[in-house]
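Just so we're clear, the structure is a prediction, and the values are computed from it rather than from any experiment. Side chains are part of it too, since the values below use all heavy atoms of this structure and drop only hydrogens, waters and symmetry mates. Each chain gets a letter, A, B and so on, in the order its sequence line appears, and its residues count up from 1.
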There are 2 protein chains.
Amino acid sequence: MSMTGRITAQDVAKLAGVSQSAVSRVFTPGASVAAATAAKVRAAATALGYRPNSLARAMITGKSRIIGLVVAHLDNQFYPVAIEKLSVALQAKGYHVLLFMASNTEGEMERLMEDLLAYQVDGIITASVAISNDVTRRCSDAGIPLVMFNRGQPESGLSAITSANALGGRKIARLLVAGGHRRIAHISGWQEASTGRDRARGLVEGLAEAGLAPHAMIDGLFNRDTAAEVARQMMLGPTPPDAIFVGNDHMAFAVIDALRAMGLRVPEDVSIVGYDDVPMAAWGAYDLTTVRQPMMRMVEATVETLIAQIDDPTRAAQSLEIDAPLILRGSARRPEDDNAGL
Amino acid sequence: MSMTGRITAQDVAKLAGVSQSAVSRVFTPGASVAAATAAKVRAAATALGYRPNSLARAMITGKSRIIGLVVAHLDNQFYPVAIEKLSVALQAKGYHVLLFMASNTEGEMERLMEDLLAYQVDGIITASVAISNDVTRRCSDAGIPLVMFNRGQPESGLSAITSANALGGRKIARLLVAGGHRRIAHISGWQEASTGRDRARGLVEGLAEAGLAPHAMIDGLFNRDTAAEVARQMMLGPTPPDAIFVGNDHMAFAVIDALRAMGLRVPEDVSIVGYDDVPMAAWGAYDLTTVRQPMMRMVEATVETLIAQIDDPTRAAQSLEIDAPLILRGSARRPEDDNAGL
DNA sequence: GCTTGATTTGCATACGTTTGCAAACCGGGC
DNA sequence: GCCCGGTTTGCAAACGTATGCAAATCAAGC
């Protein structure tokens, strides 16, 4: 029943018999305080249950230690995992996460920028959302660093962390070719997104190495229903593919479900390969061959890049592509020769 | 290249030829401003790209409009979905979400409380994390309302929103009994958690109605690996169960994978029922019979309860149990008589 | 005991708002 | 022309902290 309204540094100061500045200094790492006073102050502080008000501190210092995290698509398991890791990594660095859900619709990000700026965030991380030039400008105007996670935007001058998507696509092409497939189709990721485009490009390039071209290539929009329907149409066509590279695991699961519902077997009738290696890909029901986006390294790179830019605002933006290894499981026929240069 | 450091209400005031207070009033709904001044101010504000500083506002008003959201277990699909809905609902009410990941370990929540208090959150939502008395006390001391989502704590005097877990367990018992099962086992949710306990209790009560007792009942700790191992042991025992109620969908998927890996068929050899109805439960690979936690209603109730307590601090805590319907799919044998009173 | 230099402390101001209060303004009625 | 009620406005004081600066304290050296 302590009915203590708000406890301020003033209250602690009074109890400890020192000035408010002294209290402040005790809670400011690296400030000049005698050991004796520090002890008195800490005692008084814990007695009263005092904690410095981060908001007031933010006003003075101009640093809120808040990072805005903008996310869409929480139904794709890749993003919850990303949020978790990002959030833990930032907490470890003394930052806090203000979370925003963005539908990927026109003007949504602009609206969110209002809130992000109003809360004086020190930096912004966007996970798979498109950034308009307007947003870019307002960030640089306000001097707020922004890092894009799992999406690139070459011309934007913004930092971006992705896996090596094009190379990943190429690896998949080689795997499927080595597996003896010849009619290799692609249900691509959303072609408005760099990840979707790069993976598709990689596949095309990889097939070209073997003198092949994609048997079919249709945009699945990173959407389960769309992907499933596209897969169905492909298999009902006159010359169905013998392998499908699906633009991410999330859609690949839907494709596998759809094929099985048609009575087709994976990988006997069709090989399926995904991209991401979300935890679910390893589950027995799918056992999905895929390309692993190295989550921890991507998260670390994102956090490091962001904090580096916060600490040194003159620092240039950087784009990083992290190598993504092939993960062989049961949903795609394996090459006879296991050393097929994969 | 506007190189505008920070734009304050002062700057806008100067440009608009009014006082800083006038600017403030324009951005404070319900304050007294002449239409003409409002127009001038708004013009100046957009010209400069001004937005009121939420942190400064929070200092004055004592309301940060920030809600602390504490979450664990993002690997269980139920929680990402919850985060998404909660976050959208709060955004719609003009609140913002400060996200914290909590491992469910000793003292973790206490550590987080420091940060939550420091950031002057207006309220706290915890999703499936245990609350110690210490935390409870500090919240009420600081006058910060807390609502537990999907977890109850009867003695704590805190608000809690859950589905009717015990009743849900009973519904499952009736379903399985009506389906002709007699050796009904339970891989329970973590027994330290109210949800785990209530569902288990419901099952026991429901079986008792039919003069039965659980064939076996082992804690799966809401953990995939544990649940899978428990399932394996059960099936290898001398008298394996003919049905298993698994404490949540997340574990149920693992159980189904494990059983299939043993060459058992679901539901021909064993019926499996989960709890939650996460999106994945409807996917072809599992087609899981389960109990649906009505996410939207739970989220709405949570947000409403929290905001009501923020607006009226004298308001008493309330616990709400929302009815959870049975969802019949393919993982459990259906009763002959579809109207078996379910 | 006094000087000196280093360390510790308090004073006062600033951060960008909101808001009570009183002054200024406005239009209308006599 | 003046007075009066109601609006609109500006002034100034908060909110809780950090921090430059100058005063105070301290320990040491002679």
Closest to side chain of B:R57, choosing from D:dA18, C:dT18, D:dC11: C:dT18

Distance below 4.0 Å between B:S24 side-chain N/O and C:dT18 OP1 or OP2: yes

Can you give each donor-acceptor pair under 3.5 Å made by side-chain atoms of residues 53-72 of chain B, sequence neighbours left out, with the distance rounded to 0.1 Å?
{"from": "B:N53", "atom 1": "OD1", "to": "B:L55", "atom 2": "N", "distance (Å)": "2.8"}
{"from": "B:N53", "atom 1": "OD1", "to": "B:A56", "atom 2": "N", "distance (Å)": "3.2"}
{"from": "B:S54", "atom 1": "OG", "to": "A:A118", "atom 2": "O", "distance (Å)": "3.3"}
{"from": "B:R57", "atom 1": "NH2", "to": "B:F27", "atom 2": "O", "distance (Å)": "3.3"}
{"from": "B:T61", "atom 1": "OG1", "to": "B:R57", "atom 2": "O", "distance (Å)": "2.9"}
{"from": "B:T61", "atom 1": "OG1", "to": "B:K63", "atom 2": "N", "distance (Å)": "3.2"}
{"from": "B:T61", "atom 1": "OG1", "to": "B:K63", "atom 2": "O", "distance (Å)": "3.3"}
{"from": "B:S64", "atom 1": "OG", "to": "B:I66", "atom 2": "N", "distance (Å)": "3.2"}
{"from": "B:S64", "atom 1": "OG", "to": "B:Q120", "atom 2": "O", "distance (Å)": "2.7"}
{"from": "B:S64", "atom 1": "OG", "to": "B:D122", "atom 2": "OD1", "distance (Å)": "3.4"}
{"from": "B:R65", "atom 1": "NE", "to": "B:G94", "atom 2": "O", "distance (Å)": "3.0"}
{"from": "B:R65", "atom 1": "NH2", "to": "B:K93", "atom 2": "O", "distance (Å)": "3.1"}

Minimum-distance nucleotide (side-chain atoms of A:I60 versus C:dC15, D:dT19, C:dT18): C:dC15

Nearest to side-chain heavy atoms of A:Q20, which nucleotide of C:dT17, D:dA18, D:dG16: D:dA18

Closest-nucleotide ordering on DNA chain D, the 5'-leading residue of B:V18 and B:M59: B:V18

Global bending angle along the helix from C:dG1-D:dC30 to C:dC30-D:dG1, which compares the axes of five pairs at either end, to 10 degrees: 60°

Nearest non-hydrogen partners of B:A38 and B:V33, listed with the distance: N-CG1, 4.1 Å

A:H96 and B:Y119 aromatic centres sub-6.0 Å: yes

Flag, side chain of A:S159 to backbone of A:Q318, donor-acceptor distance under 3.5 Å: yes

Whole-Å gap separating P (D:dA18) and CG (A:N53): 9 Å

Check: D:dC11 base within 3.5 Å donor-acceptor of B:S21 side chain: yes

Interatomic distance, B:F27 CZ vs C:dG16 P [rounded to whole Å]: 16 Å

Extract all donor-acceptor atom pairs below 3.5 Å that involve side chains of residues 11-22 of chain A and protein atoms in other chains or at least two apart in sequence.
{"from": "A:D11", "atom 1": "OD2", "to": "A:T8", "atom 2": "N", "distance (Å)": "2.9"}
{"from": "A:S19", "atom 1": "OG", "to": "A:S21", "atom 2": "N", "distance (Å)": "3.4"}
{"from": "A:S19", "atom 1": "OG", "to": "A:A22", "atom 2": "N", "distance (Å)": "3.3"}

